[in-house]
Amino acid sequence: METKQVRAGRDTILGYVERASPVDILAELIWNALDAEAMNVETTVAVGAMDAPEEIVVHDDGHGMPHDRVHDLFLTHGESWKRTSGFSPNINRPMHGQLGRGRFLTYGIAERVEWRTVSADVDDTFTETVIHGMRGTPNEFRFDGPRRSTGPTGTTVRMQTRQTPRVASLADDNVHLPLTARLAASLLALPEVKVRYRGQHLTPQTYITRDVDLNLDLDPVILQGKARPRLRVVEWSVDMRSKTLHLCDERGGVVTEHKLGRMPPAPIHWTSYLQWEGFRDPQLMGPADLHVPDIRHGELLAAAQRALGGYLTRRLDEQKGSILAEWKAEGVYPYQGEPRSGAEEVEREIFDIVAVVASQAIGRDVKQKKLSLRLLQEATRAEPSRTNSILNAVLDLTDDEQEVLLDLLERTKLASIVQAGQTIADRSDFLHGLRGLLYADDTKTVFREVDQLHPMLVNEPWVFGDEWGLALSEAGLTRVVRTLMTQRDDVEFASEPVTLPSGKRGRVDMVFSRHLPESERTRHLVVELKRPMRLTMTEFGQINNYASAITGHPEVLGTPHDWDFWLVGTEIDDAVRNQYSDPARPGLTTNNPRYRIWVTTWGQLLDQADRRVQAFRSALELVSTDQTSRRYLQRKHAEFIPPPVALPMTEGSDTMRAEAER
């Protein structure tokens, strides 16, 4: 056994490997088998106890790799012998690969890969060669053989999979659908070939409802002497998750994929294939053209996109006319008569498009259609991009629940109902995530107060109570007094600065205010935040000095203002606990006519906040997990999450623990 290196760096290889989707990688392996003139290709997936793939095997009955060429085939990077050949040597089959990178793509889904290939020699004997590769050293391969074999020819690629969410998707029940669409042009051009994935035959014919050719308005000059291309659009009976444009040779062998711009939202499932012999010509499709084909072939691709856009627009209009006519006849269309204003006319146009696109989720029952379209009308006004999810949820409601929802819609808007539920979900997720950041071992030592904890809470003041409106953040004592005590903008404040007993000027973290009209008094809450740490008499002395300095200032004394000061940390020293003055109110240390001081832990504070949302969370059947909390923190507070850990795991979290182990 010998080990040899590819003339390419590890980062170079893994750089493009990570950009390929798992479906793309499997398609590449199957295309390699078809290029080797295989008639049968079988992909199996061994799923472990956690319902995740542990091993993926792709086996074909092609002609295998000749042992005297294996080194060249594996150690050449960036160029393939297929570029100049174009067709397979024995049966003249159009070949797919041109860049010579298909074997490297396996590292996108595998940690270890074994290629076991058997080829026929001139004397009708067989030779087997085994090649080993590892993701950790993607630019190295170990070669074992050649050795004699009993045949038959073929190649088996055995992959020990990476344990990541992307790879786990290959165990989903419907992965064969996008894989079928990806391979469709090749499979339609090669009806004699049998390809199976996890026991299912990949037969695009089963799902095709319409297969049409579109005319392209082209200047012959741009074809550079080649025959006119064929733009083929296939409509599917199910969602193949493949609304894209594949660039193929004239026989349908896919060469590369072209990213389309925004296309009309027709309510159909489709994939398009631009077939042209020029895409197989190495003079017209070099490596750069495979990556960015619109640089050299921009006019051709622009014409294809125009034709495809026009087709989808026509299909949208066809579907819209028949669907809307049916709804109006059934009396479920939510608008009556003609539009009463230009604004309503625009609203109807938007609704009609969104409703037709989402029509497959509307259902068949008249009552259900009426409710779904009413909700869709409300949802379209709020955020059309999410209407399918909304409809799917509505269709799961019982009759009684639908009646309740209809009654609510008579009294308030759907947007208000959704917003209220979202507020509860967001608050629950934030509490769950913040608790982890403050107490998890891998973040509590690096979670900083000033630039992480503090700015998070500036945007989440409800943690301290729904009644508080955030007035000041990170403010000096003098500014606190001047801002909160001055009720009119035209008052010129000329007081002396507020200083601590030491003579220094202090800064408080947060100040909240609430005016009480019934008593004509104003309450203030001053919060001193501490990063995950034990609160000692040093921190207690600090908050005590702040309280004394602010409330003892001449402009504050004798005014109708009440002051509370909170000191918050993760633990409390016994010496500070000894300052508690009222057993009935844990945490209260000082209670005099001028102010009160409370010392509390983050755990106690978050528990109090959690109890405020508990009843609503139970009614909505909301569950905050590490995953939902992570998404919320990443969405709202990503810049404040401490490195090196993206987000902590909390005790008992199966989801986060599983991801960490991966």
Side-chain angles (χ1 to χ4, degrees), residues 449-450 453-454 457-458 461 464-465 467-487 491 493-516 519-531 533-602 604-605:
E449 169 193 329
V450 176
L453 175 61
H454 178 270
L457 290 167
V458 165
F464 303 99
E467 70 272 25
W468 299 111
L470 184 59
L472 294 175
S473 170
E474 272 290 320
L477 301 187
T478 301
R479 185 184 173 204
V480 170
V481 170
R482 289 182 177 178
T483 302
L484 299 182
M485 301 302 296
T486 303
Q487 300 299 318
V491 173
F493 214 90
S495 65
E496 292 296 321
V498 180
T499 59
L500 299 172
S502 64
K504 296 181 179 180
R505 300 186 181 186
R507 299 184 66 83
V508 296
D509 287 334
M510 289 181 167
V511 183
F512 302 88
S513 295
R514 180 193 180 198
H515 183 63
L516 306 175
S519 62
E520 296 186 350
R521 297 187 68 82
T522 300
R523 288 184 58 205
H524 304 290
L525 171 63
V526 179
V527 181
E528 183 65 19
L529 309 172
K530 295 300 179 184
R531 59 176 294 277
M533 63 177 294
R534 180 184 293 271
L535 300 176
T536 67
M537 290 301 292
T538 299
E539 290 75 37
F540 180 73
Q542 180 185 20
I543 193 71
N544 201 23
N545 287 337
Y546 286 171
S548 178
I550 291 174
T551 62
H553 191 272
E555 299 292 341
V556 176
L557 288 171
T559 58
H561 293 260
D562 300 319
W563 296 84
D564 280 289
F565 293 81
W566 286 8
L567 174 63
V568 188
T570 48
E571 297 181 66
I572 301 175
D573 187 83
D574 288 341
V576 176
R577 291 185 184 277
N578 291 336
Q579 305 299 314
Y580 289 179
S581 58
D582 188 345
R585 292 186 286 182
L588 179 63
T589 64
T590 306
N591 188 7
N592 61 48
R594 287 166 45 194
Y595 59 85
R596 294 183 301 182
I597 296 178
W598 301 79
V599 181
T600 188
T601 66
W602 283 110
Q604 293 169 329
L605 181 64

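We use all heavy atoms of the structure for the numbers below, so side chains are in, but hydrogens, waters and symmetry mates are not. Since the model is a prediction, treat every value here as computed from it, not as a measurement.
- In this structure, OG1 in T538 is found 9.5 Å from CG in D573, a value given to the nearest 0.5 Å.
- Considering all non-hydrogen atoms of both residues, L535 and V576 come closest at O-CG2, 3.6 Å.
- Atom CE of residue M533 and atom OG1 of residue T570 lie 8.0 Å apart, to the nearest 0.5 angstrom.
- Contacts classified as salt bridge (charged side-chain N to carboxylate O under 4.0 Å, His left out) and involving residues 535-548 (residues at least two apart or in different chains) are not found.
- Between the CG atom in L525 and the CG atom in D562 there is a gap of 12.0 Å [rounded to 0.5 Å].
- Residue pairs meeting the side chain to side chain donor-acceptor pair (under 3.5 Å) criterion with at least one partner in residues 574-586, sequence neighbours excluded, are D582-R585.
- Nearest heavy-atom pair across Q604 and T600 is OE1-OG1, 2.9 Å.
- Of all heavy-atom pairs between K530 and W602, the closest is O-NE1, 3.1 Å.
- Taking OG1 from T536 and CD from Q542, the interatomic distance works out to 10.0 Å, rounded to the nearest 0.5 Å.
- Annotation: side chain of V526 is not in contact with side chain of Y546 (no heavy-atom distance under 4.5 Å).
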Can you list, pair by pair, the side-chain donor-acceptor contacts under 3.5 Å of residues 588-599, counting residues two or more places apart and other chains?
{"residue": "T589", "atom": "OG1", "partner": "I597", "partner atom": "O", "Å": "3.1"}
{"residue": "N592", "atom": "OD1", "partner": "R594", "partner atom": "N", "Å": "2.8"}
{"residue": "N592", "atom": "OD1", "partner": "Y595", "partner atom": "N", "Å": "2.8"}
{"residue": "R594", "atom": "NE", "partner": "T551", "partner atom": "OG1", "Å": "3.3"}
{"residue": "R594", "atom": "NH2", "partner": "S548", "partner atom": "O", "Å": "3.1"}
{"residue": "R594", "atom": "NH2", "partner": "T551", "partner atom": "OG1", "Å": "3.1"}
{"residue": "R596", "atom": "NE", "partner": "D564", "partner atom": "OD1", "Å": "2.8"}
{"residue": "R596", "atom": "NH2", "partner": "D564", "partner atom": "OD1", "Å": "3.1"}
{"residue": "R596", "atom": "NH2", "partner": "D564", "partner atom": "OD2", "Å": "3.1"}
{"residue": "W598", "atom": "NE1", "partner": "D564", "partner atom": "OD1", "Å": "3.1"}

